[in-house]
2 protein chains.
Amino acid sequence: MRRMTARPANAHQARLLRLLRDGGPNSRAQLGDQVDLSRSKLAVEVDRLLETELVVADGLAASRGGRRSHNIRLNPHLRFLGVDIGATSVDVAVTNAELEILGHINQPMDVREGPVAVFEQVLAMAAKLRASGLAEGFDGAGIGVPGPVRFPEGIPVAPPIMPGWDGFPVREALSQDLGCPVMVDNDVNLMAMGEQHAGVARTVADFLCVKIGTGIGCGIVVGGEVYRGTTGSAGDIGHIQAVPDGRPCACGNRGCLEAHFSGAALARDATEAAQQRLSAELASRLETNGTLSAVDVAAAAAAGDATALDLIREGGTRTGQVIAGLVSFFNPGLVVIGGGVTGLGHTLLAAIRTQVYRQSLPLATGNLPIVLGELGPTAGVIGAARLISDHLFSPA
Amino acid sequence: MRRMTARPANAHQARLLRLLRDGGPNSRAQLGDQVDLSRSKLAVEVDRLLETELVVADGLAASRGGRRSHNIRLNPHLRFLGVDIGATSVDVAVTNAELEILGHINQPMDVREGPVAVFEQVLAMAAKLRASGLAEGFDGAGIGVPGPVRFPEGIPVAPPIMPGWDGFPVREALSQDLGCPVMVDNDVNLMAMGEQHAGVARTVADFLCVKIGTGIGCGIVVGGEVYRGTTGSAGDIGHIQAVPDGRPCACGNRGCLEAHFSGAALARDATEAAQQRLSAELASRLETNGTLSAVDVAAAAAAGDATALDLIREGGTRTGQVIAGLVSFFNPGLVVIGGGVTGLGHTLLAAIRTQVYRQSLPLATGNLPIVLGELGPTAGVIGAARLISDHLFSPA
DNA sequence: CTCACTTTTTCCACTCACAGGACAAAGGGG
DNA sequence: CCCCTTTGTCCTGTGAGTGGAAAAAGTGAG
């Protein structure tokens, strides 16, 4: 199928497209209430959008007391692909233009296999989604990778956990393979955009989104826009020192947050505790599975295992220490905690909260919610779809 | 004298005013090269600006090979007042519309005397500058205060070191007293704006400006704009924990950066060292002056005193630890160190650099200059003038 | 000094975006 | 069936802005 490559011709059209994306089908009259344009001008722009087929007519709206208005909506055939590449698994989802997830697949995978192998798998997953009838093709794709990205070019730079990706032209390569526009960003930034679009951060302009997965990262949103830093490595908080002269870290330093708490560190600590017979619960799980992961710790904690709870609390305290510093510095309006370890849930959250509220000044914490992400594993792919839609729904 | 209260009528005029402010007198033709407007449109807008008397004709420009162009410049009678209120002293300066300092006074003063007493002194200083013939009146004033500010209203909020200021309507009160528009901001933010306008940060979009004075604060510039946070307390890094279970701090916690290194902490440490006879140099200074301050430590260090040098190095290391974390998080393009203790100079800078380059990842530090501010004590007042000029040179 | 060539400035006609009023179309409620 | 409200369309006026032409004011070579 021929995809629709049209782009809005001006800022008004872009504005309208985003309103339709975020607010769903809408009548012309309702749109008029939101955009501060004369009815005539609005009609012209809507007509032009209808011509491009980016939006289509959608029946009549409910009456507001007078003549019924005609609804319009984004073309229901538009499809975005959201890809969230994690350290150990990959999520691929298809959304419509309103960024609703129509289909979602998760598969285990190791980023260290390199970009070629990974994208082969991603393309296969995308093909599978397409084959299941959810999409005839893609109008755009957003890709999240677990490391810093030179954003304008869509190229990973010096990613510590994914050697072999450095300099790989992700954007260009995938754009070729998929035959549609592609944008690439850090997975943490996409999680932040996801929570901003459809999750807990919908109404907040300045917030932090801390993702605790295999590693730890932090999405920074300033004035509603993701902040990426000078070289694209902003938010790389995993290597902030949390414990002076603490554990050695893969980066060469000691005491990095990530060395003391992250999916990987938690798995290692749990294995150690199991081997030392500190926890029967963990030991039995280790015997059954052969290895332990953060999921096992979460399960053990849920079962009341004291060792697991301690591990989580201590990790939360460490994380809270770092976050407390960031809160003092950045004074956000919200802190979102997400990522693979959200299964650790409220034990973790409580430990983080305690530490942040204790260590930061009242003016910064006074009205500061610290909450778990609302979208779980879908935050990344929704953020990815949001990324590409923001790009496509902006003046050419 | 009647002041010129005119404001630019549109974005084009605002743009032109800022170009003239930042680039000095300029010919119409040169302006045309910078603004991407048709000659006709440019001529119209310039004529309107001339009518408002915000800009005036300024003779003929040098020939570029053809007909000579007429120069225009900002009205040379325009005057801005820059006020930088520190914890222990206050700076007041008069600038022209190009933000060049025409006169500058510094006087010791204690903020804790409260806003009424302080502003009495500030107004006296402003009157003195006016009386010396530098200004017939002020077209706008920028005020920096050493604590968080609710920026839109220009009101200090919960300032820890200046009780009695909480909620005082600084902007409104001074606007009344001075009879001109006033903007108020945190002193650290103003220092950042100063270094951005006329100092080391001229070409950098994202940078941090760490001010080490009586306390420690950090100005954050994102995309060329000062970021103030949700409640105006962004950059309040003095109470980030630098030493776990370290010294008690006035804020109630332990180990805050400010408790371990700042003008106040340094003075206290030096006094202690002198009393314990660890340093002859410091001891003799203590006897002579009765008290010690950061300036004495700087002098002792310059004289080669080992104890003073150690104090500075250790403080720099602590500060560097905190900055390293901020660099990982924020990935700035530049870090500026300034404030009263800049006298400690390169000993301090070297200690900070060592720590940051050691603790942050290469991608963030690879091309990261860490430098001393270029403007010294004038950074604040220039930033203050810049603040109000930005306000006045924006569409009404 | 004159002439050819540049650059700057002014003038003017034309385009385009947009607002807002008039009016037609469509629906609700008595 | 009538009156009122809302929605959609049409049309004209206005003001911003562009770009070309030509005048004004220089420069430099011969």
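Predicted model only: the values in this text are computed from it and were never measured.
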**Q** What are the residues of residues 14-33 of chain A, sorted by number, that bring a heavy atom to within less than 4.0 Å of DNA chain C?
**A**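 None, since no heavy atom is under 4.0 Å.
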**Q** Rounded off to whole Å, could you give me the CG-to-C1' distance for the Asp47(B) and dT10(C) pair?
**A**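 Going from CG in Asp47(B) over to C1' in dT10(C) covers 10 Å.
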**Q** Measure from the side-chain N and O atoms of Arg171(A) to the backbone N and O of Ile143(A), and report whether any donor-acceptor pair falls under 3.5 Å.
**A**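 Such a contact is absent between Arg171(A) side chain and Ile143(A) backbone.
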**Q** List for me each residue that meets ring-ring contact (aromatic ring centres under 6.0 Å, His included) alongside Tyr227(B), sequence neighbours excluded, and say none if there are none.
**A**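 With sequence neighbours excluded, Tyr227(B) shows a ring-ring contact (aromatic ring centres under 6.0 Å, His included) to Phe330(A), given in chain and number order.
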**Q** Rounded to whole angstroms, how far apart are CG on Leu60(A) and P on dG27(C)?
**A**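 Rounded to the whole Å, the gap is 7 Å.
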**Q** Quick one: Glu45(A) CD to dA19(C) C1', roughly how many Å, whole number?
**A**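 Atom-to-atom, Glu45(A) to dA19(C), this comes out as 14 Å.
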**Q** Atom pairs under 3.5 Å, N or O on each side, protein against nucleotides 19-21 of chain D: can you list them with distances?
**A**
residue: dG19(D); atom: N7; partner: Ser40(B); partner atom: OG; Å: 3.4
residue: dG19(D); atom: O6; partner: Ser40(B); partner atom: OG; Å: 2.6
residue: dA21(D); atom: N6; partner: Arg39(B); partner atom: NH2; Å: 3.3

**Q** Distances under 3.5 Å only, N/O to N/O: pair up the protein atoms with those of nucleotides 28-30 of chain C.
**A**
none

**Q** Answer yes or no: is there a side-chain heavy-atom contact under 4.5 Å between Leu74(A) and Arg21(A)?
**A**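 Answer yes - side chains close enough.
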**Q** Which residues satisfy the side-chain hydrogen bond (donor to acceptor under 3.5 Å, both in side chains) test with Ser40(A), sequence neighbours excluded?
**A**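 side-chain hydrogen bond (donor to acceptor under 3.5 Å, both in side chains) list for Ser40(A), sorted by chain: Ser38(A).
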**Q** NE2 of His70(B) versus C1' of dT9(C): gap in Å, rounded?
**A**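 Taking NE2 of His70(B) and C1' of dT9(C), I get 8 Å after rounding.
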**Q** Do the side-chain N and O atoms of His77(B) and Asn75(B) include a donor-acceptor pair separated by under 3.5 angstrom?
**A**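 Yes, side-chain donor-acceptor contact under 3.5 Å.
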**Q** Would the distance check show the side chain of Arg7(A) and the main-chain N or O of His391(A) forming a donor-acceptor pair, the cut-off being under 3.5 Å?
**A**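 Pair found, side chain donor or acceptor close to backbone of His391(A).
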**Q** Consider the side chain of Arg67(A), meaning its heavy atoms from C-beta on, and name the nucleotide among dA25(D), dA25(C), dA19(C) that approaches it most closely.
**A**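 Closest of the options to the side chain of Arg67(A): dA25(C).
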**Q** Please report the distance, rounded to the nearest Å, between NE2 in His12(A) and C1' in dA19(C).
**A**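 Atom-to-atom, His12(A) to dA19(C), this comes out as 12 Å.
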**Q** Report yes if a side-chain nitrogen or oxygen of Ser69(B) is closer than 4.0 Å to either non-bridging phosphate oxygen (OP1 or OP2) of dT7(C); otherwise report no.
**A**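 Looking at the OP1 and OP2 atoms of dT7(C), neither is under 4.0 Å from any side-chain N or O of Ser69(B).
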**Q** Is a side-chain N or O of Arg79(B) found less than 3.5 angstrom from the main chain of Leu134(B), in a donor-acceptor match?
**A**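 Yes, the answer is positive, given that a donor and an acceptor are paired below the 3.5 Å cut-off.
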**Q** Suppose we screen for side-chain contact (heavy atoms from CB on, under 4.5 Å). Which residues come up paired with Val204(A), at least two apart in sequence or across chains?
**A**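 Val204(A) satisfies side-chain contact (heavy atoms from CB on, under 4.5 Å) with Phe207(A), Leu334(A) once adjacent residues are dropped.
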**Q** Quick one: closest heavy-atom pair of Val56(A) and Pro76(A), and the distance?
**A**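 Residues Val56(A) and Pro76(A), closest heavy atoms: CG2-CD, 3.6 Å.
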**Q** Calculate the interatomic distance between Asp36(A) atom CG and dG20(C) atom C1'; express it in whole Å.
**A**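 Atom-to-atom, Asp36(A) to dG20(C), this comes out as 13 Å.
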**Q** Keeping Ser175(B) on the side-chain end and Pro181(B) on the backbone end, is there a donor-acceptor pair under 3.5 Å?
**A**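 It does not hold such a pair.
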**Q** Quick one: closest heavy-atom pair of Phe393(A) and Arg18(A), and the distance?
**A**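 Distance-wise, the nearest heavy atoms are O-NE, 3.0 Å.
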